[in-house]
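Side-chain atoms are counted along with the backbone in the values below, which use heavy atoms only and exclude waters and symmetry mates. Ligands are counted one by one from 1 in listed order, and the atoms in each one are counted from 1 as well.
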Amino acid sequence: MGLEPAMCNRGKSLLLLSTTTTLLVFFFSSLPLATCSVSYDHRAIIVNGQRRILISGSIHYPRSTPEMWPDLIQKAKDGGLDVIQTYVFWNGHEPSPGKYYFENRYDLVRFIKLVQQAGLYVNLRIGPYVCAEWNFGGFPVWLKYIPGISFRTDNGPFKAAMAGFTTKIVEMMKAESLFESQGGPIILSQIENEYGPVEWEIGAPGKAYTEWAANLAVGLGTGVPWVMCKQDDAPDPIINTCNGFYCEWFTPNQPYKPKMWTEAWTGWYTEFGGPVPHRPAEDLAFSVARFIQKGGAFINYYMYHGGTNFGRTAGGPFIATSYDYDAPLDEYGLLRQPKWGHLKDLHRAIKMCEPALVSGDPTVTSLGNNQESYVYKSKSGACAAFLANYDTNSFAKVEFDGMHYNLPPWSISILPDCKNTVFNTARVGVQTTQMTMLPLQSDGLSWVSYNEETASYEDDSITTVGLLEQINVTRDVTDYLWYMTAVTIGPDEEFLKNGNYPVLSVLSAGHALHVFINGELSGSVYGSLENPRLTFTGNVKLMAGSNKISLLSIAVGLPNVGTHFETWNAGVLGPVMLNGLNEGRRDLSWQKWSYKIGLKGEALQLHSLSGSSSVEWVEGPLVAQKQLLTWYKTIFNAPSGEDALALDMGTMGKGQIWINDQSIGRYWPAYKASGSCGDCSYSGEYSEKKCQSNCGEASQRWYHVPRSWLKPTGNLLVVFEEWGGDPTGISLVRRTVGSVCADVSEWQPTLKNWHIKAYGRPERPLRPKAHLSCAPGQKISSIKFASFGTPQGVCGNFWEGSCHAHKSYDAFEKENLLQNCIGQEWCSVTVAAEVFGGDPCPNTMKKLSVEAICQ
Ligand code: GAL
């Protein structure tokens, strides 16, 4: 029933309404008078007079390409979303003070207009602090170097800069008539981001800053409401909102504000060194249904499409290049099933309840120890009910309004007419899809290599006494900074005779470090997101005379969260010590050090079309293998077709990738995921460590190559490898559906007494169907598993239980049967005993689990 955004007339006089419970938000400073409006009350967001429960999803425009945007937005709309939420990324838009960039992936206006064209609304989170696992939380690095600045507090220089950028964005939106008050799609804006915890920590200046930020926002006169997330004291008329895995407990700070959930986390981010988090669709749906059941008026999925941290945009440190987030649309923009479809079904159910939901407060009744009903009724007779079972282990049979309902553990049933269950959060009706990465049929890539040099003093280096903080020196134009010094060893040093080499110890604030002695690698160390600091300790082969110590310090994304995260250091801050000399210990920290910013290959722009031909590359058998600090280059043709593409970097260590001058991002498959991966039940409270995969494997092996970055032929692929890897193992793969699964119970859970009452007989049992559908152009090639009975496991890993119908496979595979699936793009099979050759275990609850291979 999804309502299209109502477009409104401009230029007419403003309608001012006021009721005790409705707070209208009009700021008309520089706006043309319009009949459009967005307001709110305790039960709804009111858009042009329509009372709405809005479903929103985050898609961050620079995390995909403009070519992907229309498809992502359409899939969001098809998934039942009303609103697209995005942050605005200051450091992408203002790379240097006053120099703005709004093109390509940063074309914010184009993105918003595409959302508008699709008929959806926009929730614009201007911030301009955004967190978001984005480099420096979205702040430009130059901001840190404004004299006297202190971030996110009552600080003049900071407030001036923040006001400048926020105003710039608002004016830009107004100039394009993008606010709903002007007939545009933006219905809500956000100022700041999760400032509450910081304010709590820093006290009075924090409070003053909150007031200031609120005034700034409201004073900009957008004509649409502002929100502040995780900010309990958000001043009127700003709405305070909730972020988290669950938010049903949340109440806004005034009774006339709607209950809004700005970040319902669909999964979690991946860090290099960490496993990949997954959030079960059943639990996500449960949390959303529970929020709506308890009076929620707005819910936003963070992320609906996570996408990719291209280039050096990943924050952290140690945030991976993939920002897949286990979102309903995967990193490549493909449907993640069953999550996307299950949420779509949930949204349809919520929309059916909308007239009753927006009408008032629910009646809550206990149905058991851990069970409740929430009933919403409108004056015009609409009735919607939510039946909840919070028990994490047991099904619950509950009686509601004279009828019996069977509720799976940790689930909510939605009854848009207070009678029929149209959706239960734990019953997934859509198929599960397993994606695979298929190597493309090609002769393999042929590589040439170029050795990066260990820096030397002759270069244009900076020399000073003592150790410098890395970001102060690089201003983050590169991940790399060389620290170089010399150590003179006298001919009478004992170790020269006995071979007990001295021990060098280097303390660094992070994030990774290679130690070279006289040009030879001595060792490499790196930190983690939890602890970016690191210490190198190792025996070093020094010679009599002057020795050169070169430390290559590497940043892996700047922090994006934490009070005054801008003060966090990176690089070799020392001490740097040499132990085991005749004199005992020598402190190198306060001697003369030389610094070189970046790599030679970066200065030569080896990743670019022009720069890559400026040096001589090594070809044929001499191409470097397993050698650190090496540039690799190859030319390849684009594979035909439309499939999403990725680079398999499994045989490589750590570095960066570019295609046709565009940066794919940092790669680090050598960093294996440590953590616990294991069985995961949807039931019970979720946390980001609960359902993880990839333990012991690369945190990220595949790297998205956007199709639009490729030409049909002659694409330049450049890889800089820091650690030492085997480039012959790099391959281009396509992401496609590998197999599809259905898991369907044979019987309908609802015992519909009202049907008996009304019709004098039980309702004819609904016969559920298993639907299997490969991607367009694919066919079902075989049935990997089929069992009607009591099968166990999950898609990709099913096994037979004690009860199994021997003709389970026949229903899918046998020719001449109506249901034959082999060779079809899709098929469906009725889940009933007779289809599988009779009931294998009468009086037992049975289900069908099936996995079909797609090719
Ligand atoms: C929130 C923050 C988001 C994002 C998220 C974790 O606290 O507002 O920007 O960082 O955490 O993915």
Check: every ligand 1 N/O to protein N/O pair under 3.5 Å:
| unit_1 | atom_1 | unit_2 | atom_2 | d |
| --- | --- | --- | --- | --- |
| ligand 1 | 7 (O) | Glu194 | OE1 | 2.5 |
| ligand 1 | 7 (O) | Glu194 | OE2 | 2.8 |
| ligand 1 | 8 (O) | Tyr87 | OH | 3.3 |
| ligand 1 | 8 (O) | Asn193 | ND2 | 2.9 |
| ligand 1 | 8 (O) | Glu263 | OE1 | 3.4 |
| ligand 1 | 8 (O) | Glu263 | OE2 | 2.8 |
| ligand 1 | 9 (O) | Tyr87 | OH | 2.7 |
| ligand 1 | 9 (O) | Val130 | O | 3.1 |
| ligand 1 | 9 (O) | Ala132 | N | 2.8 |
| ligand 1 | 10 (O) | Ala132 | N | 3.2 |
| ligand 1 | 10 (O) | Glu133 | OE1 | 3.4 |
| ligand 1 | 10 (O) | Glu133 | OE2 | 2.6 |
| ligand 1 | 12 (O) | Glu133 | OE1 | 2.6 |
| ligand 1 | 12 (O) | Glu133 | OE2 | 3.4 |
| ligand 1 | 12 (O) | Tyr325 | OH | 2.5 |

Classify the ring geometry of Trp668 against Phe272: parallel below 30°, tilted from 30° to 60°, perpendicular beyond 60°. tilted
Applying salt bridge (charged side-chain N to carboxylate O under 4.0 Å, His left out), name anything that partners Asp233, two or more places apart in sequence or on another chain. Lys207
Who pairs with Tyr209 by side chain to side chain donor-acceptor pair (under 3.5 Å), at least two apart in sequence or on another chain? Glu192
Sole candidate of Phe158, Phe89, Tyr145, Phe165 that passes ring pair (Phe, Tyr, Trp, His ring centres under 6.0 Å) when paired with Phe139: Phe158
Test of understanding: with salt bridge (charged side-chain N to carboxylate O under 4.0 Å, His left out), list the residues that count as partners of Glu176, not counting sequence neighbours. Lys113
Could you tell me whether the SG atom of Cys229 lies less than 2.5 angstrom from the SG atom of Cys242? no
